[in-house]
Amino acid sequence: MLIPLLEEGLDVDGFDLSADMIEICRTNCEQRRLQPTLFQDKMESFATDETYEAIIIPTGTFLLLYERELSLQALRNFHRHLKPGGRLIIDLMVPSEFPIGKHSTRTWELDNGDMVTLDDHIVEG
């Protein structure tokens with residue numbers, strides 16, 4: 001999401017908890033001659049002197065904060081970093097159905113050769 005916004009001429013910073021994801025983003029930006037400010041941090045505790053007209057949390061990322069208190073900390077932190085009248089945009093991907101027996105596996109190889117595998121099974125509870 002960051003790259004298309006930068007390509008439209010918007011001033012955009014980005015952060016992620018994963019150093020690998022930051023590096024992938026940095027590489028993709030460099031290939032397009034874009035130079036955003038990127039930093040590694042947590043939603044609930046990132047700190048910068050900047051305030052923003054908008055904070056966008058894309059692709060269900062907010063749902064990774066499964067503990068209520070961490071979610072509330074993140075919301076308070078976002079609020080602290082918004083300009084007056086600023087907007088918080090959170091993309092929540094909440095599944096509407098859970099097909100029992102569905103199985104999927106996705107795999108990604110990292111630059112250092114490590115593999116990340118997401119094995120998803122939906123079973124009756």
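Counting begins at 1 with the first residue of the sequence.
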What distance do Glu8 atom CD and Ile3 atom CD1 have between them, rounded to the nearest 0.5 Å?
13.0 Å
May I ask you to check whether over 12 heavy atoms, not counting those of Asp11, lie within 6.0 Å of atom CG?
no
Scan the side chains in residues 17-24 for donor-acceptor partners under 3.5 Å anywhere in the protein, sequence neighbours excluded, and list what turns up.
{"residue": "Ser18", "atom": "OG", "partner": "Asp20", "partner atom": "N", "Å": "3.2"}
{"residue": "Ser18", "atom": "OG", "partner": "Met21", "partner atom": "N", "Å": "3.0"}

By the rule that ILVMFWY residues connect when side-chain heavy atoms come within less than 4.5 angstrom, directly or transitively, which residues belong alongside Trp108?
Leu110, Val116, Leu118
Residues in ring pair (Phe, Tyr, Trp, His ring centres under 6.0 Å) with Phe62, at least two apart?
none
Could you tell me whether the side chain of Leu75 reaches within less than 4.5 Å of the side chain of Ile90, counting heavy atoms only?
yes
With Arg26 via side chain to side chain donor-acceptor pair (under 3.5 Å) - residues at least two apart
none
Tell me which pairs pass ring-ring contact (aromatic ring centres under 6.0 Å, His included) where either residue lies in residues 28-55, with sequence neighbours left out.
Phe15-Phe39, Phe15-Phe46, Phe46-His81
Please tell me if the side chains of Thr27 and Asp111 come closer than 4.5 Å, counting only heavy atoms from C-beta onward.
no
Do Ile57 and Ile55 pass the side chain to side chain contact (heavy atoms under 4.5 Å, CB included) test, and can you show the C-alpha distance, the side-chain angles, and the key distance before you say yes or no?
CA-CA 7 Å; Ile57 309 300; Ile55 296 176; 3.9 Å; yes
Contacts of Arg106 that satisfy salt bridge (Lys or Arg N to Asp or Glu O under 4.0 Å) - sequence neighbours left out:
none
Suppose we screen for side-chain contact (heavy atoms from CB on, under 4.5 Å). Which residues come up paired with Thr105, at least two apart in sequence or across chains?
His103, Thr107, Thr117, Asp119
Side chain to side chain contact (heavy atoms under 4.5 Å, CB included) evaluation trace for Thr48 with Asp13
CA-CA 11 Å; Thr48 177; Asp13 295 347; 5.5 Å; no
Partner set under side-chain contact (heavy atoms from CB on, under 4.5 Å) for Cys25, not counting sequence neighbours:
Leu2, Cys29, Leu38
Under the side-chain contact (heavy atoms from CB on, under 4.5 Å) test, residues paired with Gln35 that sit two or more places apart:
none
More than 12 non-hydrogen atoms from neighbouring residues, nucleotides or ligands closer than 6.0 Å to CG on Asp120, yes or no?
yes
Working note: Thr61 + Met43, criterion side chain to side chain contact (heavy atoms under 4.5 Å, CB included); need CA distance, chi angles, decisive distance, verdict.
CA-CA 10 Å; Thr61 303; Met43 287 184 276; 4.1 Å; yes
The salt bridge (Lys or Arg N to Asp or Glu O under 4.0 Å) partners of Glu7 (sequence neighbours excluded) come to Arg32
Compare all side-chain heavy atoms of Asn77 with those of Glu44 and state whether any distance is below 4.5 angstrom.
no
Please find the pair of heavy atoms, one from Ala74 and one from Leu65, that lie closest to each other, and give the distance.
CB-CD1, 3.5 Å
All side chain to side chain donor-acceptor pair (under 3.5 Å) counterparts of Asp114, not counting sequence neighbours:
Asn112
How would you list, by chain and number, every residue that makes a side chain to side chain donor-acceptor pair (under 3.5 Å) with Glu69, sequence neighbours excluded?
Arg76
